[in-house]
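From a predicted model like this one, the values you see are computed outputs, not experimental measurements. Proteins come first, then strands; the chains are lettered A, B, ... in the order of their sequence lines, and each starts at number 1.
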Amino acid sequence: MPTQLKATDVVIVGMGAAGGVAALPLAEAGLEVVGLEAGTWLDRRDFAPDEIRNNYRDWPMLVDKCEDERPTSRATSAQTANRVGSHPMMNAVGGTSIHYWAQSWRLNPWDFKVVSETTRRYGRGRVPAGSTVEDWPFGYDELEPYYDLVERAVGVSGQAGNIHGQLDPRGNKFEGPRDREFPMPPLRWTAFNERMAEAARSLGWHPFPGPAAVNSENYDGRRGCVYHGFCNKGGCPVDAKNATHLTTIPKALDTGNLKVVTRAHVTKIEVDGAGRATGVNYVVGNNEYFQPARVVLIGCYTYENVRLLLLSKSRVYPDGFSNNHGQVGRHYLSHHQGAGVSALFPYDLDAWYGLPAQGVSVDDWADDNFDHSDLDFIGGGNLWAMSDRRPISAAGMSTYGRGRNWGSGWKRFIAENADRSHGFYIQKSTLPYEDNYLDLDPTETDRLGMPVIRITGQFKENELRIAKFIQDKAEEWYLEAGAIEVSRGGLGNAMGASTHAYGGTRMGENPETNVVDSWGFSHEAPNLGVLGASVMGTSGARNPTLTSQALSWRTAQHLVDAWRDIAE
Amino acid sequence: MGAQGKSRRSFLKKSAVGLGGAWFAANHPQILSAAEHAAEQPVTLQQARFAFFTREQATEIDAMTAQIIPTDQTPGAREAHIVHFIDRALITFDQERQGDYTRGLEELSALASRRFPSVTKFSDLIYDQQLQVLTEIEDTPFFNLVRTHTITGFFASPLHGGNHDKIGWELVGYDDSLSHEAPFGYYDALPIPQSTTVTGGDA
């Protein structure tokens with residue numbers, strides 16, 4: 001029998017990027033919150049600038065629990081899924097916000113209204129067949145105040161492009177209107193960033209510095225970025241990257257209303273006869289506990305949110321918690337970093353001391369920022385010229401047909417060119433489809449014997465056409481900046497496991513097609529809320545974390561405002 | 001770990017150069033001891049102690065890595081102590097490749113003596129003969145494994161035993177003086193306890 005713990009108002013499963021944000025408004029409102037986290041506290045001593053450890057051993061993701069829960073993946077349901085090699089999950093207080101690249105984008109207004117805006121502008125029939133995409137239950141304006149709150153509570157640097165409709169050419173003219181400037185100016189640009197921006201302008205595009213949850217100056221008692229790099233899959237040794245273990249979680253702890261329990265591996269959400277959540281079971285080592293709570297919020301990685309629901313079977317929910325409509329795991333989509341484009345320049349880029357959140361962005365070919373009337377797809381891609389280089393990966397560059405990849409000739413090539421290459425990954429609008437989904441793998445399990453998630457996902461024609469279109473734009477940009485060689489990766493097929501995984505517990509008004517309502521609470525179990533990108537129904541063409549954090553804050557604030565309705 | 005553990009290590013197939021992201025995602029905290037080990041190594045092979053390789057195997061690997069990153073106008077794999085980086089990797093975070101090395105080296109010697117019957121070992125060949133033999137096997141998994149290890153060790157942090165005196169970084173113009181040197185590595189070094197008290201873990 002699990003040890004019965006004292007009841008709490010709210011239990012949050014996962015003290016990461018999303019749960020770590022939701023804890024703050026709840027604790028500040030005086031609710032008693034228990035945050036369960038499978039990992040431990042880490043600090044700056046744990047974040048070495050070590051490429052083998054961060055990038056090739058997949059540290060800091062190499063933690064027993066999430067390593068053990070790597071999903072399986074396949075392109076279509078006709079295939080057998082295999083365990084993925086590398087995986088994006090993380091167990092620690094702060095979660096993936098510790099090792100992420102920290103690009104902190106707001107979605108653009110179009111991303112909330114893909115169906116209605118596409119129909120309005122281009123007529124019916126342009127949303128791809130087989131896609132299950134819906135409009136979000138609200139628009140950008142509804143989320144703006146929460147974006148604003150998170151940008152300040154976490155700390156985001158950047159340059160506004162639109163404040164109350166007033167455009168600023170230094171920022172992104174395509175972004176939705178902001179209430180005010182970022183709390184910090186953008187990270188600085190390198191000479192190469194400046195050159196790329198100049199090339200973009202000469203093409204008639206609109207370059208701007210990207211937003212980052214990295215301090216560009218002293219902020220909130222922590223120092224600014226020192227641009228020494230290695231935050232690509234590593235934590236920050238000077239605490240300039242604004243992971244939640246440094247920002248919202250300590251603030252929530254300061255209220256005295258949050259208790260963080262580490263090494264807690266949650267195994268099941270428990271339910272009463274009426275279908276309400278009663279709390280969660282978890283194990284620490286060999287000990288089992290039951291944490292009763294009035295409200296349960298799950299804030300794990302997309303794969304683990306879906307998995308925990310599917311594993312929590314009961315008499316009321318025989319196919320998994322809140323899954324009586326069969327929607328848990330549906331509407332899955334991801335950004336896979338395929339379809340990349342790389343280039344060789346005839347000059348040094350001086351990129352050794354940059355970070356992946358430092359760079360030049362172009363949004364002219366994203367979302368519906370350009371006319372699709374004569375194109376055979378909807379959506380687009382954001383272009384991102386970052387400044388990030390590490391020695392081992394630099395030495396792995398293509399030789400562009402200039403001889404073999406070992407020996408004295410190669411050594412001379414790499415001595416000259418290691419700092420002259422650059423790569424784009426392609427982040428594209430990706431839609432949900434009927435046959436892309438998550439479920440439990442029939443054979444692979446974790447060490448407790450519980451099935452892992454199986455990803456069935458394939459990019460469809462719309463995504464492949466965007467990728468091709470954006471590769472053309474990327475090549476055009478590189479050549480304008482003086483590249484002497486450009487090469488392209490394949491367009492992609494299977495989605496695989498991704499650091500940008502969305503859906504599976506989609507948010508929407510219709511309970512027949514969505515797991516959670518427009519506030520993030522279950523259509524079936526009113527005191528279960530879901531935090532994280534698993535509630536997002538569209539991806540936009542940019543990184544998901546800030547949006548998932550803004551949604552988490554909004555869900556938490558709604559819980560505070562509607563406490564009696566939800567909890568009693 | 002089983003089948004999924006092995007699938008993670010198909011890193012050689014993962015990118016143009018074979019430096020796949022998950023390759024080193026192997027066993028736990030041995031990096032620290034690798035660093036200590038490598039820092040102690042003397043320069044000559046005859047004096048060195050090896051944890052996995054026999055002295056004969058080490059001589060073969062040393063010759064092979066010295067062809068992959070030769071010593072010419074600038075220092076190469078030999079001066080970077082790559083044979084020690086690989087030796088330590090094979091008993092720590094890359095143990096699963098031990099068999100690949102044992103088999104690969106046997107085949108290399110066999111090939112060397114087939115092509116040049118007067119020798120029994122690859123390292124006995126003169127430079128151009130070595131080059132000829134390696135060119136013959138440059139598309140094999142074994143060659144790619146050794147190449148990947150050589151390049152990885154050459155450009156990794158010296159903490160892992162290669163890149164001695166930072167000569168790899170010097171070759172490409174990377175200067176790590178901006179890196180912070182906290183006493184890193186505690187998280188790797190401390191295993192997560194398997195049980196705690198009944199209070200429900202760390203509060």
Side-chain angles (χ1 to χ4, degrees), chain A residues 3 5 40-42 44-53 55-60 62-64 67 70 82-83 85-86 226-228 230 237-238 259-264 284-287 289 291 348 352-353 391-398 404-408 411 414-415 418-419 444, chain B residues 3-4 7-11 14-26 28 31 67-70 72 74 76 93 131 138 147 150-152 154-157 159-160 168-169 171-176 178-180 182-188 192-196 198 200-203:
Chain A
T3 303
L5 300 171
T40 58
W41 286 94
L42 302 180
R44 59 165 86 184
R45 291 192 319 182
D46 298 308
F47 306 137
D50 180 338
E51 191 175 0
I52 283 187
R53 189 155 72 151
N55 299 92
Y56 298 103
R57 287 183 64 219
D58 265 352
W59 188 97
L62 187 71
V63 179
D64 285 352
E67 180 69 1
R70 279 174 292 122
N82 293 312
R83 276 282 178 116
S86 189
V226 295
Y227 300 89
H228 92 300
F230 293 94
V238 298
K259 179 189 177 192
V260 175
V261 181
T262 57
R263 299 170 182 143
V284 178
N286 298 320
N287 301 313
Y289 303 91
Q291 174 63 63
D348 288 348
W352 294 118
Y353 312 105
I392 301 171
S393 69
M397 70 181 288
S398 167
R404 65 176 13 145
N405 60 11
W406 56 282
S408 275
K411 194 178 161 199
I414 213 69
D419 189 33
E444 293 287 328
Chain B
Q4 64 268 33
S7 72
R8 287 191 296 133
R9 283 173 249 297
S10 57
F11 68 97
K14 282 189 146 189
S15 69
V17 291
L19 297 173
W23 166 46
F24 279 99
H28 268 239
I31 286 291
Q67 287 285 350
I68 292 169
I69 305 182
D72 41 30
T74 54
F93 53 83
L131 199 57
E138 69 178 343
R147 176 181 170 273
T150 302
I151 292 174
T152 302
F154 198 73
F155 294 104
S157 165
L159 285 171
H160 298 280
W169 288 348
L171 179 74
V172 294
Y174 172 65
D175 171 2
D176 72 328
L178 288 176
S179 293
H180 290 251
F184 294 117
Y186 286 80
Y187 181 51
D188 265 1
I192 294 176
Q194 287 305 300
S195 64
T196 63
V198 290
D202 294 351

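Taking CG of B:Leu171 as the start and CD1 of A:Ile414 as the end, the distance is 8.5 Å to the nearest 0.5 Å.
For the pair A:Arg404 (side chain) and B:Glu138 (backbone), a donor-acceptor distance under 3.5 Å is absent. The main-chain N or O of B:Asp175 is found under 3.5 Å from a side-chain atom of A:Tyr353 such that the two form a donor-acceptor pair.
Heavy atoms closer than 4.5 Å to chain A are found in both the backbone and the side chain of B:Thr74.
Taking all atoms of both residues into account, the shortest heavy-atom contact from B:Pro70 to A:Gly407 is CD-C, 3.6 Å. Residue A:Trp406 comes nearest to B:Gln67 through the heavy atom pair CE3-O, 3.5 Å, listed as atom of the first residue, atom of the second, then distance. Taking both residues in full, the closest heavy atoms of A:Pro391 and B:Phe155 are given as CB-O, 3.5 Å, listed atom of the first, atom of the second, then distance. Annotation for B:Val172 and A:Ala418: closest pair CG1-CB, 3.6 Å, computed over non-hydrogen atoms.
A search for salt bridge (Lys or Arg N to Asp or Glu O under 4.0 Å) contacts involving B:Asp72 returns A:Lys411, not counting sequence neighbours.
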